[in-house]
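The next block holds one structure in the form of structure tokens; read it before the comments.
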Amino acid sequence: MASRQITQEQQPWLLENGDPKRLTKEARHGHGRSRTAHGMSATSLRKKSDHALVSRVRCASLRNVLVNIQEVILGTKLSILFPAIPAAIIAHYLGLGESWVFILSLLGLTPLAERVSFLTEQIAVYTGPTVGGLLNATCGNITEVIIAIFALQSNQIAVVKYSLLGSILSNLLLVLGTSLLCGGIANIGDEQKYDRRQADMNSLMLLLALLCHLLPLLFTYTAASPELTAEPSLYLSRAASIVMLGAYFVYLIFQLWTHRQLFEAEEEGEGEGENNSAEEEAVIGFWSAFAWLAGMTVFIALLSEYVVDTIQDASDSWGLSVSFLSIILLPIVGNAAEHAGAIIFAFKNKLVPLCVLVAWIMGVKMDLNFNLLETGSLALAIIVTGFTLQDGTSHYMKGLVLLLCYLVIGACFFVQRTPLNPNDVPNNITLKSFTDSVLSA
């Protein structure tokens with residue numbers, strides 16, 4: 001009897017009826033071996049909850065609420081940042097300063113982004129790996145999507161481009177570099193290996209995206225005047241965005257159905273397999289997870305609006321360029337789970353074509369021309385990453401080089417001073433200045 005009671009206390013709490021129960025093996029079948037690196041990205045931020053005290057509450061409804069709060073709000077190491085959410089709202093309504101609203105909103109978005117990843121994984125336990133993978137792909141970047149939508153509504157196209165570019169660069173260099181550096185130091189005497197097939201496929205997708213970004217940029221230099229290529233470049237960008245989105249949907253089919261075995265996380269031992277199995281068990285109910293996800297999306301939308309409205313004032317107050325704030329700070333917040341987990345999964349470029357098409361629907365003329373400096377940084381980041389992953393092995397030196405590349409790019413945008421409205425400066429000023437200096441020499 002005592003043994004049975006201990007076993008019951010160890011079971012995860014599923015909170016639809018306020019009573020503890022456990023998912024059956026049939027309900028979890030197929031999910032255990034299908035967790036990709038992207039799905040496990042925020043595991044390092046999770047904290048195990050002890051329900052011994054909560055289990056003494058006799059009221060089922062109250063016990064349900066308390067366990068939900070314990071798992072969702074207190075179940076992350078980033079819970080200390082949740083007070084920044086009401087602080088940002090109070091600062092906004094009291095007019096305490098735009099820069100304070102900006103930094104508090106960024107701090108508040110960090111745990112919200114990580115909790116969205118957690119909630120989508122909880123829902124995936126019930127829906128299975130395929131629907132869970134689609135849900136993760138849809139909601140995994142919800143913070144960046146909402147920020148982009150508010151920026152488009154304010155016609156701040158530069159902020160959208162910078163934040164999306166920063167998301168790609170941070171995942172290619174910062175996240176991957178951190179993963180290789182920490183993994184190499186932790187296993188300094190061993191050679192780490194990974195499946196080259198995943199890296200090759202992701203590299204091909206990134207090269208396709210780079211081609212779609214380069215063509216609108218190069219297209220602007222094919223005519224004597226940039227005004228002659230403005231409209232055609234916009235049409236080209238929209239066509240390229242449709243191509244990239246189509247490629248991404250095919251990539252989802254490739255990853256979740258036809259070649260799912262290439263992306264499954266490998267289990268290295270029986271003991272580790274038991275630990276993974278424990279992590280796969282849901283700790284909150286299906287509808288509870290959906291309710292929490294909806295509520296957090298509302299707060300993400302509110303704080304994202306604050307960020308967009310105050311980014312220019314924060315830039316002026318701190319003496320930092322908008323490009324630096326958008327490329328370095330915003331992606332770190334939007335990708336909190338990936339950065340903390342240090343995962344090797346860098347396909348983030350799917351958001352860029354989506355924003356171009358959303359802007360088209362909203363009547364905003366956003367194209368894929370990220371200008372010479374931004375596109376060049378993206379190209380070099382993809383090339384460096386491709387060389388890093390080509391042999392299927394890793395060590396700390398590779399991670400260090402990637403981090404140094406990210407540091408140099410960050411320094412570049414730190415010293416850059418450009419207006420928020422890209423129309424104030426001709427797109428080809430950098431290339432023409434460089435060409436004129438070469439010809440005059």
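If you read the sequence from its start, that first residue is 1, and numbering goes on from there. Remember, predicted model here, so these are calculated numbers, not experimental data.
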* The single option from Leu180, Leu174, Leu176 passing side chain to side chain contact (heavy atoms under 4.5 Å, CB included) against Leu403 ->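 Output: one option passes, namely Leu174.
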* side chain to side chain contact (heavy atoms under 4.5 Å, CB included), paired with Ser326, selected from Val159, Val307, Leu165, Ile147 -> Val159
Quick one: does any side-chain atom of [X] pair with a main-chain N or O of [Y] as donor and acceptor, under 3.5 Å?
{"X": "Ser233", "Y": "Thr220", "value": "no"}
{"X": "Ser288", "Y": "Ile284", "value": "no"}
{"X": "Ser154", "Y": "Ala151", "value": "no"}
{"X": "Thr110", "Y": "Leu106", "value": "yes"}
{"X": "Thr375", "Y": "Leu372", "value": "no"}
{"X": "Ser167", "Y": "Ser163", "value": "no"}
{"X": "Lys161", "Y": "Phe370", "value": "no"}
{"X": "Gln122", "Y": "Val283", "value": "yes"}

Hey, what do you get for [atom1] ([X]) to [atom2] ([Y]), rounding to the nearest 0.5 Å?
{"X": "Asn369", "Y": "Leu215", "atom1": "CG", "atom2": "CG", "result": "11.0 Å"}
{"X": "Leu214", "Y": "Leu368", "atom1": "CG", "atom2": "CG", "result": "10.5 Å"}
{"X": "Ser203", "Y": "Leu172", "atom1": "OG", "atom2": "CG", "result": "9.0 Å"}
{"X": "Ile185", "Y": "Met397", "atom1": "CD1", "atom2": "CE", "result": "11.5 Å"}
{"X": "Leu164", "Y": "Cys355", "atom1": "CG", "atom2": "SG", "result": "4.5 Å"}
{"X": "Ser170", "Y": "Leu329", "atom1": "OG", "atom2": "CG", "result": "11.5 Å"}

* Asked: When you look at Tyr406 and Ile328, which way does the side chain to side chain contact (heavy atoms under 4.5 Å, CB included) test go after all the steps?
  -> CA-CA 10 Å; Tyr406 186 75; Ile328 303 301; 3.6 Å; yes
* Would you sort out whether Ser304 and Leu109 count as a side chain to side chain contact (heavy atoms under 4.5 Å, CB included), showing the intermediate values? => CA-CA 8 Å; Ser304 298; Leu109 284 171; 4.0 Å; yes
* Asked: Using the ring of each side chain (for Trp, its six-membered ring), is Tyr251 parallel, tilted or perpendicular to Tyr248, with breaks at 30° and 60°?
  ->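 If you compare the ring of Tyr251 with that of Tyr248, the planes turn out parallel.
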* In terms of ring plane angle, is the pair Phe102 and Trp318 parallel, tilted or perpendicular, where the classes change at 30° and 60°? -> perpendicular
* Determine, step by step, whether Asp367 and Val356 satisfy the side chain to side chain contact (heavy atoms under 4.5 Å, CB included) criterion, reporting the C-alpha distance in whole Å, the side-chain angles of both residues, the deciding distance to 0.1 Å, and the verdict. => CA-CA 6 Å; Asp367 57 20; Val356 171; over 6 Å; no
* **Pair Lys77 + Glu114, salt bridge at N-O below 4.0 Å** => no
Any side-chain heavy atom of [X] sitting closer than 4.5 Å to one from [Y]?
{"X": "Val125", "Y": "Glu121", "answer": "no"}
{"X": "Met244", "Y": "His213", "answer": "yes"}
{"X": "Met296", "Y": "Val72", "answer": "yes"}
{"X": "Ser99", "Y": "Asp313", "answer": "no"}
{"X": "Ile90", "Y": "Leu104", "answer": "no"}
{"X": "Ile73", "Y": "Trp292", "answer": "yes"}
{"X": "Glu374", "Y": "Tyr162", "answer": "yes"}
{"X": "Ile85", "Y": "Leu112", "answer": "yes"}

* **side-chain hydrogen bond (donor to acceptor under 3.5 Å, both in side chains) against Asp316, all qualifying residues, sequence neighbours excluded** => Gln312
* Asked: Just checking, Arg115 and Phe118: is the charged tip under 6.0 Å from the six-membered ring centre and within 45° of the axis?
  ->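 Yes, a cation-pi geometry.
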* Kindly check if the number of other-residue, nucleotide or ligand heavy atoms within 6.0 Å of CZ (Phe219) is above 12? => yes
If you compare all heavy atoms of [X] against all heavy atoms of [Y], which two are closest, and at what distance to 0.1 Å?
{"X": "Met362", "Y": "Ile149", "result": "CE-O, 4.2 Å"}
{"X": "Thr120", "Y": "Ser117", "result": "OG1-O, 2.7 Å"}
{"X": "Met205", "Y": "Ala247", "result": "CE-O, 3.6 Å"}
{"X": "Ile89", "Y": "Tyr306", "result": "CA-CE1, 4.0 Å"}
{"X": "Leu373", "Y": "Phe413", "result": "CD2-CE2, 4.0 Å"}
{"X": "Leu293", "Y": "Leu119", "result": "N-CD1, 3.6 Å"}

* So, Gln416 versus Ser321: side-chain donor-acceptor pair below 3.5 Å or not? -> no
* To do: Check step by step if side chain to side chain contact (heavy atoms under 4.5 Å, CB included) holds for Val401 and Thr388.
  => CA-CA 9 Å; Val401 170; Thr388 301; 6.0 Å; no
